[in-house]
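Below, chain A is the first sequence line, B the second, and so on; all start at residue 1. Because only heavy atoms are used, hydrogens play no part in the values below, and waters and symmetry mates are left out as well, while side chains stay in. Quick caveat, the model's predicted, so the values are computed rather than measured.
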Amino acid sequence: MAALLGRSCRKLGFLSSGHGARRSVSTETGKSLNLYSAINQALHIALDSDPRSYVFGEDVGFGGVFRCTTGLAERFGKNRVFNTPLCEQGIVGFGIGLAAMGNRAIVEIQFADYIYPAFDQIVNEAAKFRYRSGNQFNCGGLTIRAPYGAVGHGGHYHSQSPEAFFCHVPGIKVVIPRSPREAKGLLLSCIRDPNPVVFFEPKWLYRQAVEEVPEHDYMIPLSEAEVIREGNDITLVGWGAQLTIMEQACLEAEKEGISCELIDLKTLLPWDKETVEASVKKTGRLLISHEAPITGGFGAEISATILERCFLKLEAPVTRVCGLDTPFPLVFEPFYMPTKNKILDAIKTTVNY
Amino acid sequence: MALRLRSSLSKSNFFNILRYNNLGFGTASQTTRHLRTHDPTTLLRVSQNPITRFCNTMAEKLSSVGEHEDANAQVMDFPGGKVAFTPEIKFISESSKERVPCYRVLDDNGQLITNSHFVQVSEEVAVKMYSDMVTLQIMDNIFYEAQRQGRLSFYATTIGEEAINIASAAALSPQDVIFPQYREPGVLLWRGFTLQEFANQCFGNKSDNGKGRQMPVHYGSNKLNYFTVSATIATQLPNAVGAAYSLKMDKKDACAVTYFGDGGSSEGDFHAALNFAAVMEAPVLFICRNNGWAISTPTSDQFRSDGLVVKGRAYGIRSIRVDGNDALAMYSAVHTAREMAITEERPILIEALTYRVGHHSTSDDSTRYRSADEIEWWNKARNPLSRLRTWIESNGWWSDEEESDLRSRIKKEMLEALRVAEKTEKPNLENMFSDVYDVPPLNLREQERQVRQTIKSYPQDYPSDVPL
C-alpha cells in the first residue's frame, strides 16, 4: 500500500524527449493520451495501413483486459481482430504461420508472465525462421505484445519482467517503451520491422502515464537509445516504467550537485551500445536499473559490454539497482523493487567512489 | 512535452486503481455486466457453410432460479448450447468396443478390394507415383550408405512410408503449402526437388537453399511451397494453422498441409494446433504418420487412445484412418480431405497407419528395441511399393523392364548427385552472419570482424572447405 502510494506520489515526472532537435515527434502536439490509448491508436493505424494485418490473442475482441484493442474488432471485423483459445503456444505458433505467409500478425499475450508456453515457438521457430531457410522464408511480420512489470499488487504472476530471457535469442528483437508517445511510435516500428519482435508494455503506465501523442502515423527507430536527460557526472540506463523512478532519483541527485545523464535504451535487442558508450566515456560512471531480478538480468549484459569498451574511462565500478533474486512478492513488493532511494544511494556511492 | 503521471494520494484512489487496473480479477458484478452487455450476434463467428457447428458461449437465455421450471425438463441452456439431461450416472467409455476401421483400397497383394471406393488416378499420375516411390527408396538407401561411409554427417530415411509421402503429395496442388516434420522428403520429390538439391542440402554446400546452416534432411523450398524443416517436434502444426487461415482470408484455392508422427501427437503444439484449427475454421490437413515408433518408444508408451483418429472429434475435427501403405487409399483420402478443407473451410485429421521400416536415423540402431524379424516382415510383406507396383502392372502401365531401367537410372543419378554435392564448396563465411535478421545488426558485423581476425591467427582451428 505504502509502495503504491509512493509510486503514485510523483508530481512532476517529466520524461522529456531530449531537447527538441533530437526528435521531431517530441515537438509536435497531439491529444493527451494514456499508454493503452496510445497503443490502441498504433494498432488502429497498423490495421488501417495494411489490409493483411491481424490482431489476436485472448480477449482482444472486446477490447482486451487492458483495453489496448478497443474498437479494433468493430472497425476491422472479426476476421482480422479476434479472440483465440487460451493457449499461448497456439497463439504465437498461429501468428508465425500467418507471418510466414506475408501477413502482419500482431499477437497479444495477456501478461508477460504467461509468455513461457510460447517460448519454444519464439526461440525455435520465430527466431530461426529466416536463418534456417536460407532466407527463403521469414516471419518478420510477427509482433508479440505483452504487458510486463510491477503494478503494486500483482505478485508472482502479474508483475514479471522477462525481457532477459528474450535478449538471449538471436533472431528476434526486444523493445520496451517508456511512455505513450514512445509506445505508439515504437510499436508501429516493431509491427513494420521485417523481423519478429517482442514488445513489452509497462502495464503500470497503461493508465498512470498521460502524454501528448501526435495523432498521425509516425515511427520511432529501433535500436536507437535516447539520452532523455543530459548530465556529466554519471550515466543511468534503463527502460520502461523504471525510467520514471530513475528520473526522480536524477532530480534529487541534482539538488545535491550531481549531474545525471539518463538514457532510455528502448530496444534491448539489438541494443544501441554506441550511445551508451559515448555517454559513459563522457561521465565515467554507469548505473543500470531494471525491475527484473539482478542475477542474469539484462543489466549484466550492459555492464559487461561497457566495461569492455570504457574500462579506462571508468571512475567507479558499474552499478546495478535491480529487483531482488526472488519470485516477485506481493506483501514484500516495496522491499523487492529498485526504488528511487536505492538508486539515489547508488548514484552517491558511485560518484563518491 | 511532459509526461504526466496521475497522483493518487487518497485511499479511495487506491481502490480506483484496483478496480480499473483490471488484472482479470473481475468481481462477480463485473462478470455479469460483461455478459449482459454482449450482443450474441456479434460474439459468434458466423460461418457461411451449411454444416452445423457448435455455437459458442452465449446461453440463449440465462437460467433463472425460482421460476416455475418443470423439474423434469429435457434440456437446459448452458454456455455452449442445449444439452439433454439424463438421470443415469453414465460415463462415456474410454474407448469404443471396436477400433475405428482403416480405409484401404488395395489388399496386401496389391489387388483392388471389391467395392472399394477410390478416386481414380490416371496412368500418368500412377506411374509417376510409383516411380517417385522407387526414387525415394533408392535415394534413402544411397544416402544412408553414404552416412555409414562417413561421407555424410547424418541421415534419416523414409523407408516404409513412401506411399504416405508420394501419394499425399500427388493428391495436393502445387499451391498447397507444406509444413513437414522431417520424414516427408517425398513430398518435395513429387513437386520437383531434384536429387542434386537433396544432396546439396545434405552436404551443406553453397548450392544448398538453406546455406549450410542446418543438419542433413532439413530441406526447404519456397519455390515448391515446402517450409524448411525444423527438428523440434510438432512446432510446425500451429504454424500450418496460421498459414491456412491466411490462405482462407486471401481466398486462395489452396490449403495448408502438415505432417507429424505418432510421437508428435503427444506434444502440446498438437493440441494447440487442432484446437485453433477448429475454432478458426482453417483449411488445414493434419496428416499423422502413425508408424508405430517414436525412436524407441512404441505407441503403447505414447498414448492410450485408439490411435490418432479418435482425437479429432475431441476438437470438433473430421477425421479418417487410412492404410498409409496403400498409395491409392492415401491418394483418395488426401484428395477428398483437401476438397473438404477448402470448400468447407475446415481442418481434417488423417491418420495414416504405417510402419517405420528404417531406424529413426543414422544415430539409431532399432534392433536394440525391436526384433529384426518384425522389421523384415513389414519390409517384405507389407511393402507400399510392391502393392502399387502390382496394381499398375495389372493395368498394363508398368513392366519389369521399366522397373530395372528406372532403378539403374536413378541409382546412377543419385551417385552422381552425391559426387557433385560432395565436391561443391561450402557457403562463404559471411553466410554465418546473414539472415539472422533481415540486415546484420552492429553486434554481428563486429563479431564477423573478430572471427575473421582470429582465423588469420589460427587457420588450423577452422575447416578449410569454408571459403572466407
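Proximity to chain A (any heavy atom under 4.5 Å) is restricted, for B/Leu442, to the side chain, taken from C-beta onward. Heavy-atom distances place the backbone of A/Val169, and not its side chain, under 4.5 Å from chain B. A/Asn138 does not touch chain B: none of its heavy atoms, backbone or side chain, sits under 4.5 Å away. Both the backbone and the side chain of B/Phe227 come within less than 4.5 Å of a heavy atom in chain A. Looking at B/Met432, both its backbone and its side chain come within 4.5 Å of chain A, counting heavy atoms on both sides. Contact of A/Lys273 with chain B is made through the side chain alone, with heavy-atom distances under 4.5 Å. At a 4.5 Å heavy-atom cutoff, the contact between B/Ser221 and chain A is made by backbone and side-chain atoms alike. Only the side chain of B/Val177 comes within contact range of chain A, with heavy atoms under 4.5 Å apart. B/Asp208 does not touch chain A: none of its heavy atoms, backbone or side chain, sits under 4.5 Å away. With a 4.5 angstrom heavy-atom cutoff, B/Gln201 does not touch chain A via any of its atoms. Using a 4.5 Å cut-off between heavy atoms, A/Phe56 does not touch chain B at all.
Taking the centre of each ring, A/Tyr157 and A/Phe111 stay at or above the 6.0 Å mark. Ring pair B/Phe260/B/Phe270: centre-to-centre distance below 6.0 Å. A centroid separation of 6.0 Å or more is found between the aromatic rings of B/Phe179 and B/Tyr226. Centroid-to-centroid, the aromatic rings of A/Tyr116 and A/Phe119 stay 6.0 Å apart or farther.
With respect to chain A, the highest number of heavy-atom pairs below 4.5 Å among B/Arg213, B/His271, B/Lys211 belongs to B/Arg213. The candidate from A/Asp272, A/Asp193, A/Ile172, A/Thr305 with the greatest count of non-hydrogen atom pairs under 4.5 Å with chain B is A/Ile172. Between chain B and the residues A/Glu88, A/Glu74, A/Gln89, the largest count of heavy-atom pairs under 4.5 Å involves A/Gln89. The choice from B/Gly268, B/Ala282, B/Ala240, B/Ala277 that makes the most heavy-atom pairs within less than 4.5 Å of chain A is B/Gly268. Of the listed residues (B/Gly212, B/Ala244, B/Ser246), the greatest number of heavy-atom pairs within a distance under 4.5 Å of chain A belongs to B/Ser246. Among A/Cys87, A/Ser133, A/Pro170, the residue making the largest number of heavy-atom pairs under 4.5 Å with chain B is A/Ser133. Ranked by heavy-atom pairs shorter than 4.5 Å toward chain B, the options A/Phe129, A/Phe94, A/Tyr131 are led by A/Tyr131.
Without hydrogens or angle criteria, B/Asp176 side chain to B/Cys255 main chain gives a donor-acceptor distance under 3.5 Å. Distance alone, capped at 3.5 Å, places no donor-acceptor pair between the B/Thr232 side chain and the B/Thr235 backbone. Counting only distance, with no hydrogens or angles, the side chain of A/Asn34 and the backbone of A/Gln208 share no donor-acceptor pair below 3.5 Å.
Applying the side chain to side chain contact (heavy atoms under 4.5 Å, CB included) rule to A/Ala126 yields the partners A/Ile96, A/Cys139, A/Leu142, A/Pro196; only residues at least two apart in sequence or on another chain are considered. For B/Pro238, the side chain to side chain contact (heavy atoms under 4.5 Å, CB included) partners at least two apart in sequence or on another chain are A/Gln121, B/Asp269, B/Ala273.
With respect to A/Asp50, the salt bridge (charged side-chain N to carboxylate O under 4.0 Å, His left out) criterion is satisfied by exactly one of A/Arg80, A/Arg192, A/Arg104: A/Arg104.
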Quick one: do B/Glu281 and B/Arg346 satisfy salt bridge (charged side-chain N to carboxylate O under 4.0 Å, His left out)? Show the steps, please. CA-CA 5 Å; B/Glu281 300 177 8; B/Arg346 61 167 66 247; over 6 Å; no
